[in-house]
> 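Dropping a structure here in structure tokens format, bear with me for questions.
All ligand and atom numbering here is 1-based and tracks the order in the structure.
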Amino acid sequence: MEEFKGQPRLPKFAVPKRYDIRLTPDLTSCKFGGSVAIDVDVVGDTKFIVLNAADLTINNRSVSFTNKVSSKALEPTKVELVEADEILVLEFAETLPTGMGVLAIGFEGVLNDKMKGFYRSSYEHNGEKKNMAVTQFEPADARRCFPCWDEPACKATFKITLDVPSELVALSNMPVIDEKVDGNMKTVSYQESPIMSTYLVAVVIGLFDYVEDHTSDGIKVRVYCQVGKANQGKFALNVAVKTLELYKEYFAVPYSLPKLDMIAIPDFAAGAMENYGLVTYRETALLYDDQHSAAANKQRVATVVAHELAHQWFGNLVTMEWWTHLWLNEGFATWVSYLAADSLFPEWKIWTQFLDECTEGLRLDGLAESHPIEVEVNHTGEIDEIFDAISYRKGASVIRMLQSYLGAECFQRSLASYIKKYACSNAKTEDLWAALEEGSGEPVNKLMNSWTKQKGYPVISVKVKEEKLELEQSQFLSSGSPGDGQWIVPITLCCGSYDVCKNFLLYNKSDSFDIKELLGCSISKEGDNGGWIKLNVNQTGFYRVKYDKDLAARLGYAIEMKQLSETDRFGILDDHFALCMARQQTLTSLLTLMASYSEETEYTVLSNLITISYKIGRIAADARPELLDYLKQFFISLFQKSAEKLGWDSKPGESHLDALLRGEIFTALALLGHKETLNEASKRFHAFLADRTTPLLPPDIRKAAYVAVMQKVSASDRSGYESLLRVYRETDLSQEKTRILSSLASCPDVNIVLEVLNFLLSSEVRSQDAVYGLAVSIEGRETAWKWLKDNWDHISKTWGSGFLITRFISSIVSPFASYEKVREVEEFFSSRCKPYIARTLRQSIERVQINAKWVESIRNEGHLAEAVKELAYRKY
Ligand code: BES
Ligand code: ZN
């Protein structure tokens, strides 16, 4: 029996084929009873059956194994639940007959409050607090609801039956086939599912309203919401119907179940979960309120729905073989969600916003403590942490890179054949590459292995020397240290115009090309309009580019002359920022480059300019506090023009992107302490306090107003804070609550920051939402760290069993910039590290080290002061 302990995967001498599950939850006592009968195929000679179970009480006398041919029932001689390994080991007196048999088990459990397994969520109905019962099984918590082979490759069919109070709505993956009412209770049974993985099984029981529609081929789609709020589900419903139709075309396979339900859950750890046929969401990711939701909320709902529905094919129909291939699920769904959003809402220019995904991927993967896309998983506790920017954002980015290399049409065709080949089965990363290789004739496997099997990415240094273009790749690390990775890089470049382009694979460490031969033209003399070269055209590649001085100057000029696309303007800025942080460019040169964006009007570019200015402001506060006011003045002048053009009030018929930009620009101006913004915000906030439907504070600018209000709050003038808390308490819209939570800690007063942090731990903030409140002002950084230490026991008890806990560490630790803090953090966690926070902790500490080095180099940068002052006083 010992041989089964401490193993990452279950032994496979018996494999499940069909589960017949019955669950009886009690929403008052928060307990549940259950029984499962599993059809298993015994394929090896064994006296043991080993499956997963955790936090369940097994009714030992209920356990039996019956061979289907002989009908002989065997009872185990020993039943052991090994909690450390989350396995249930059944030992029988004799070797089990091979072939099909039925394993029956009765059990009991608790509807927990940890947002995983079979859990409870609370809501109000007619002023009364009620519980609902919800499941969240990914990655490995189905075992907390019923004993099962809880691995993605162990697919089986599921037949589910629920005993619930008769007035409640009870949903599962499949449609109801039978419902029997018996007094106050009813027994609901559902159609048997097609074969699927355990992590996609779902059940939800509570009071709900819904809106309904259907696709052109008759699939019934519903959105379930809080009672009385069905209207808020209409937007998502519409997106879902159109997206299902789109994916049917794109994947060349129809949606595989007869119905699709989507439901908003008040307590939910992730953003959403793609359970087959019953997708669960946070309220903020599903509900859209005409009056109180912002454009950003609308976009979030659309992309989350598109992402989860993509999983119905990529993930549910074709499932990763093991968690090492999680990125196939998440990277792909992320990429496809952009495809869908672009098709449904072309005016959102969503592919330009994809650059945010790419940048965040590059940011995490620039750490030595990053990990390869295909990551080894040896322990269940390690799975949660890989739902990170590498699996999602780098994953999506390398898919995009490959798609643009192979061409959209060839890519789609090969993908469709992959889906067809692996439908109702499991696949590994190399299976996808094989399909794409077959469809394209390109060396996809070799090319992509260099991106998915090693961590990191290259920076390509570009030089022009005597009519020769010289390229050299080396691993980019934010720490500035050299790395030893090497990649096959799909290089794209254009010269002087987007009509003169070239694509090729860079296999070697370096290469040089005759420009005339390569491009059919020579690059003109400096100052001449056409004389620029841009690599990574439109930023479809997952790498950075470092230009020599001459080429960089030419690009700066091309930006001012408005010759570059917005995606390229974004990329040049982003690469320069990353290189500056890695101390390969000076801050002076970065600021000078930023000044060439003074005429910028595009949302994505400005949004990145804002993010970068926040980061510079924070590092300067440590490195050169005497320059902070000049820097702020410079940033204000960069944003002011757009702010004036946009104004506080939305214009009739204006674009979605203007609405997004308005919110971010005024938030930035508020954080920079821009006087007029602070005053105007305060005026509008007061109008809002008097009337929550005032046209003076529409949802798109509320966050800006809230942040502005918090800039003026102090221990002696708490009125703005108290008013915001009042709005928080009065609203029943989750998006409004998170908007407020994410503004509160931006207050510069440390006493208020401490109050805010304590508020996050109070019963007024759902534990799913506390992490929104961790965006702490630079002044509050030290307070937050002390608070984290003081409350660590409580925090790790409350959030310690899910991935939200990592956000406490990364948000609070990463903003520091000294070696002293590195030592402090290391010391504090030396006795408190657990497998599920280990990676995040190492990454956060590395960030502090990188910041510390950056501070040193900025301190030593000559001429910075003159440059900053000149930029601050310049007329734009
Ligand atoms: N499969 C995930 C949900 C999930 C995340 C389960 C982490 C277990 C652990 C789901 O498809 C997902 O990716 N949700 C995202 C939203 C998406 C739009 C990026 C999320 O939860 O943030
Ligand atoms: Zn996903």
> Assess the pair Phe268 and Tyr281: is the distance between their ring centroids shorter than 6.0 Å?
no

> Is it true that Phe354 and Tyr338 have ring centroids separated by less than 6.0 Å?
yes

> Check each of His307, Glu357, Arg393 against atom 17 (C) of ligand 1 and report the one with the nearest heavy atom.
His307

> List ligand 1 atoms under 4.0 Å from Glu308, heavy atoms only on the residue side.
10 (C), 11 (O), 12 (C), 14 (N), 16 (C)

> Considering Phe387, Phe268, Phe137, Tyr392, which one's heavy-atom position lies nearest to atom 7 (C) of ligand 1?
Phe387

> Measuring from atom 10 (C) of ligand 1, which candidate in Ala272, Gly271, Ala302 has the nearest non-hydrogen atom?
Ala272

> Can you confirm whether more than 12 heavy atoms, excluding those of Lys242, are under 6.0 Å from its NZ atom?
no

> Please check if any side-chain donor atom of Ser122 sits under 3.5 Å from a side-chain acceptor atom of Asn131, or the reverse.
no

> So if I apply the ring pair (Phe, Tyr, Trp, His ring centres under 6.0 Å) rule between Phe411 and each of Trp335, Tyr250, Tyr418, which one comes out positive?
Trp335

> Hey, is Glu360 close enough to Arg393 for a salt bridge, meaning N to O under 4.0 Å?
no

> Taking 4.0 angstrom as the limit and counting only heavy atoms of Val304, give me the atoms of ligand 1 inside it, by number and element.
18 (C)

> Give a yes or no on whether Glu330 keeps an N, O or S atom under 2.8 Å from the Zn ion (ligand 2).
yes

> Tell me whether Met273 has any N or O atom under 3.5 angstrom from an N or O of ligand 1.
no

> In terms of the angle between their ring planes, are Trp433 and Trp327 parallel, tilted or perpendicular, with boundaries placed at 30° and 60°?
tilted

> N/O of Asp384 under 3.5 Å from N/O of ligand 1, yes or no?
no

> Could you tell me whether some N/O pair between Gln136 and ligand 1 is separated by less than 3.5 angstrom?
no

> Who's the nearest protein heavy-atom neighbour of atom 9 (C) of ligand 1, and how far?
Phe803 CE2, 3.5 Å

> Examine the side chains of Tyr255 and Thr215 and answer whether a donor and an acceptor come within less than 3.5 Å of each other.
no

> Output the distance between atom CG (Leu171) and atom CG (Asn275), rounded to the nearest 0.5 Å.
11.5 Å

> Just to the nearest 10 degrees, tell me the angle at the Zn ion (ligand 2) spanned by His307 NE2 and His311 NE2.
100°

> Below 4.0 angstrom from a heavy atom of His311, which ligand 1 atoms are there? Numbered from 1 as shown, please.
11 (O)

> Could you check atom 4 (C) of ligand 1 against the protein and tell me its nearest heavy-atom contact, residue, atom and distance included?
Glu138 OE1, 3.8 Å

> Relative to the heavy atoms of Glu274, which atoms of ligand 1 are at a distance of less than 4.0 Å?
1 (N), 2 (C), 10 (C), 11 (O)

